[in-house]
S.K.: 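I have a structure I would like to understand better, so I am pasting it below and will then ask my questions one at a time.
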Amino acid sequence: MKNQLVIRGGRRLRGEITVAAAKNSVLPLIACCILSEQEIHIENCPAIADIFSMIDIIRSIGGDAQLQNGTLTVNCKHANPQLVSADLTGTIRSSVFVLGPILARFQYADISYPGGCEIGLRPIDLHIYGLKCLGVKVTEANGRILCDGKNRKGGFVNLDFPSVGATENIMMAGALGSGTTVIRNAAREPEIVDLQNFINFLGGKVSGAGTDVITVQGVQRLGGGVYKPMGDRIAAGTYMAAVACAGGAAYIRGAEPKHMHAVLEKLRRMGCEISEFERGVFITAEGRPRAVHKIETQPFPGFPTDMQPQITAVLSCADGTGCVVENMFESRFKYTAQLCKMGAKILVKDRVAVVKGVKKLSGAHVTAEDLRGGAALCVAALCADGETVIDGVRHIDRGYDAIENVLGALGADVTRV
Ligand code: EPZ
């Protein structure tokens, strides 16, 4: 894939797009396939880099995985954890939740510390704590995590923080075997509910997802089948932010409004008209967005941190001043320096960004340094005067499947060079 996008701003958006399955649901679902020896088909999968990385990890432990015409087929019948390759699990964040399934199936795991990333340190202390509550013996030595799960059993896990990944890891660790696992202060994201539905679809016994107490009853084995994950609420939110910035009207299908209420509320307050349907929204935006006084990121159902850069891009060209507070990650405002190159007026102090909307941003040569920050640059470029060249598109490709085609389908002038 080439590594630059050229966007000529100023066009109103109009058209209809459909988002695929949610990246942050498909990634744990792929890890969850390790629990089963049957063939599993996950439908409506986007062709994005993080999914290909997880496919590589499945193959690296002896499993089969391939993505064909949107359907991901995984078969971990011949998976063998002795093969977990350190260099692979260091590459992406989502690798850490192969720990739970590998332990549940093979009682032993040895992985390298997952890489931190551009938005923060990404510690995994809550994952390790949860596994220890289930009787797993964990030793951390020279960058590797050795887990001895032969005495693994059910247990009670009280999370200090409703971590999405830790909740998912512990759900999968408890899914096989004889014990019962109770997770308190569990994450309540829709992706957690999707993982519960997937495990139960395969024959597991999980309940409570979507609330802060999840109960997992271990079973002897899990089966296979064809599963369709939830739609990507963050991709949908990103394209709604694009309409809010550029103006116009669009049908955005594939994600459920009930997963996006916090984002819909802010976009409506910024002046967008949004109609909600079973699996989609119709959004119109006329003229310049209005600033909202304050947006704070919170665990679900609060405003999602994965939409923080994109909504800040809309605030950059809004009428008024807004404050954005990033409570989830310690360095998720790097992209604002790139927005300032486009004329945005943003002051960042620790976890707070004060955004004074300007009438017009201007095109510039900018660089994406992380996934959602890169998406925010695309959103801003759509309403900027002139041409914006975005480097580092590989970051955007981690979570958006051919973003230039999707924005192009809405009438934007975007080319990948
Ligand atoms: C998931 O990451 C998502 N990734 C992230 O999306 C998302 O931003 C995040 O959840 C919050 O919603 C995937 O699902 C693959 P967390 P995760 O554990 O599980 C701290 C994107 O752009 N923490 O809920 O890593 C952590 O440092 C990505 O699609 C610990 O302190 O998120 C962070 O401050 C970015 N110790 C906070 O909790 C731990 O053991 C939230 O992390 C784990 C997390």
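Ligands are counted one by one from 1 in listed order, and the atoms in each one are counted from 1 as well. For the numbers below, each heavy atom of this structure counts, side chains included, while hydrogens, waters and symmetry mates do not.
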S.K.: Is there a polar contact between ligand 1 and K23, counting only N or O atoms under 3.5 Å apart?
M.R.: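 N/O-N/O distance under 3.5 Å: yes.
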S.K.: Could you tell me whether K334 and D370 make a salt bridge, using a distance below 4.0 angstrom between a side-chain N and a carboxylate O?
M.R.: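 D370 and K334: not salt-bridged.
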S.K.: Distance alone, cut at 3.5 Å: any donor-acceptor contact between the side chains of Y400 and R372?
M.R.: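 Distance-only check passes for Y400 and R372.
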S.K.: Any Lys/Arg nitrogen of K23 or D306 sitting under 4.0 Å from an Asp/Glu carboxylate oxygen of the other?
M.R.: no
S.K.: Are the charged groups of E265 and R269 less than 4.0 angstrom apart, N to O?
M.R.: yes
S.K.: Crowded around K153 NZ? As in, over 12 foreign heavy atoms under 6.0 Å?
M.R.: yes
S.K.: Considering only heavy atoms of R122, which atoms of ligand 1 have at least one such atom less than 4.0 Å away?
M.R.: 2 (O), 17 (P), 25 (O)
S.K.: Do H41 and E39 get their side chains close enough for a donor-acceptor pair, meaning under 3.5 Å?
M.R.: yes
S.K.: Residue-level breakdown please: for E191 versus ligand 1, do any non-hydrogen atoms fall below 4.0 Å on the side chain, on the backbone, on both, or on neither?
M.R.: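 Answer for E191: neither.
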S.K.: Under 4.0 Å, heavy-atom basis, I'd like to know which part of R398 is in contact with ligand 1: side chain, backbone, both or neither.
M.R.: neither
S.K.: Return yes or no for this condition: an N or O of N24 is under 3.5 Å from an N or O of ligand 1.
M.R.: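 Looking only at distances, the answer is yes, because the N/O contact criterion of under 3.5 Å is met.
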S.K.: Do R279's NZ or CZ and the ring of F277 fall within the cation-pi criteria of under 6.0 Å and 45°?
M.R.: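 Verdict for F277: no cation-pi partner in R279.
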S.K.: How does V164 reach ligand 1, if at all, at less than 4.0 Å between non-hydrogen atoms: by side chain, backbone, both, or neither?
M.R.: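 The part of V164 near ligand 1 is both the backbone and the side chain.
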S.K.: Is there a nitrogen or oxygen of I119 sitting under 3.5 Å from a nitrogen or oxygen of ligand 1?
M.R.: no
S.K.: Between D391 and Q4, do the side chains contain a donor N or O and an acceptor N or O under 3.5 Å apart?
M.R.: yes
S.K.: Do Y335 and T312 have side-chain atoms, one donor and one acceptor, less than 3.5 Å apart?
M.R.: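 On atom types as modelled, these side chains qualify, holding a pair under 3.5 Å.
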S.K.: Give the numbers and elements of all ligand 1 atoms closer than 4.0 Å to a heavy atom of I124.
M.R.: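 Taking each heavy atom of I124 in turn, ligand 1 has 39 (C), 40 (O) under 4.0 Å.
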S.K.: With atoms numbered from 1 as shown, which atoms in ligand 1 lie under 4.0 angstrom from a non-hydrogen atom of R332?
M.R.: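 The atoms of ligand 1 under 4.0 Å from a heavy atom of R332 are 8 (O), 22 (O), 35 (C).
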S.K.: Can you tell me if D194 and Y227 form a side-chain donor-acceptor pair at under 3.5 Å?
M.R.: yes
S.K.: Within the structure, does E168 bring an N/O atom to less than 3.5 angstrom of an N/O atom in ligand 1?
M.R.: no
S.K.: Which one holds for T305 and ligand 1: side chain close, backbone close, both close, or neither close, with close meaning a heavy atom under 4.0 Å?
M.R.: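 Contact part for T305 vs ligand 1: side chain (C-beta onward).
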S.K.: Out of S25, G120, P123, S163, who is nearest to atom 39 (C) of ligand 1 when you count heavy atoms only?
M.R.: P123
S.K.: Between N327 and E296, is any side-chain donor less than 3.5 angstrom from a side-chain acceptor?
M.R.: yes
S.K.: Backbone, side chain, both or neither: what part of D50 comes under 4.0 angstrom of ligand 1, heavy atoms only?
M.R.: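 It is neither part, as no heavy atom is under 4.0 Å.
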S.K.: Compute the minimum heavy-atom distance from Q298 to ligand 1 and say whether it is under 4.0 Å.
M.R.: no
S.K.: Go through ligand 1 atom by atom and flag the ones less than 4.0 Å from a non-hydrogen atom of G165.
M.R.: 18 (O), 19 (O)
S.K.: Counting heavy atoms not belonging to F156, are there more than 12 under 6.0 Å from its CZ?
M.R.: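 12 or below, so no.
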S.K.: Return yes or no for this condition: an N or O of L126 is under 3.5 Å from an N or O of ligand 1.
M.R.: yes
S.K.: With heavy atoms only and a cut-off of under 4.0 Å, state how F161 meets ligand 1: side chain, backbone, both or neither.
M.R.: side chain
S.K.: Can you list the ligand 1 atoms lying under 4.0 Å from a non-hydrogen atom of M328?
M.R.: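 Counting atoms of ligand 1 from 1, those under 4.0 Å from M328 are 33 (C), 34 (O), 37 (C).
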S.K.: Side chain, backbone, both or neither: which part of R372 comes within less than 4.0 Å of ligand 1 when only heavy atoms are counted?
M.R.: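 Only the side chain of R372 comes within reach of ligand 1.
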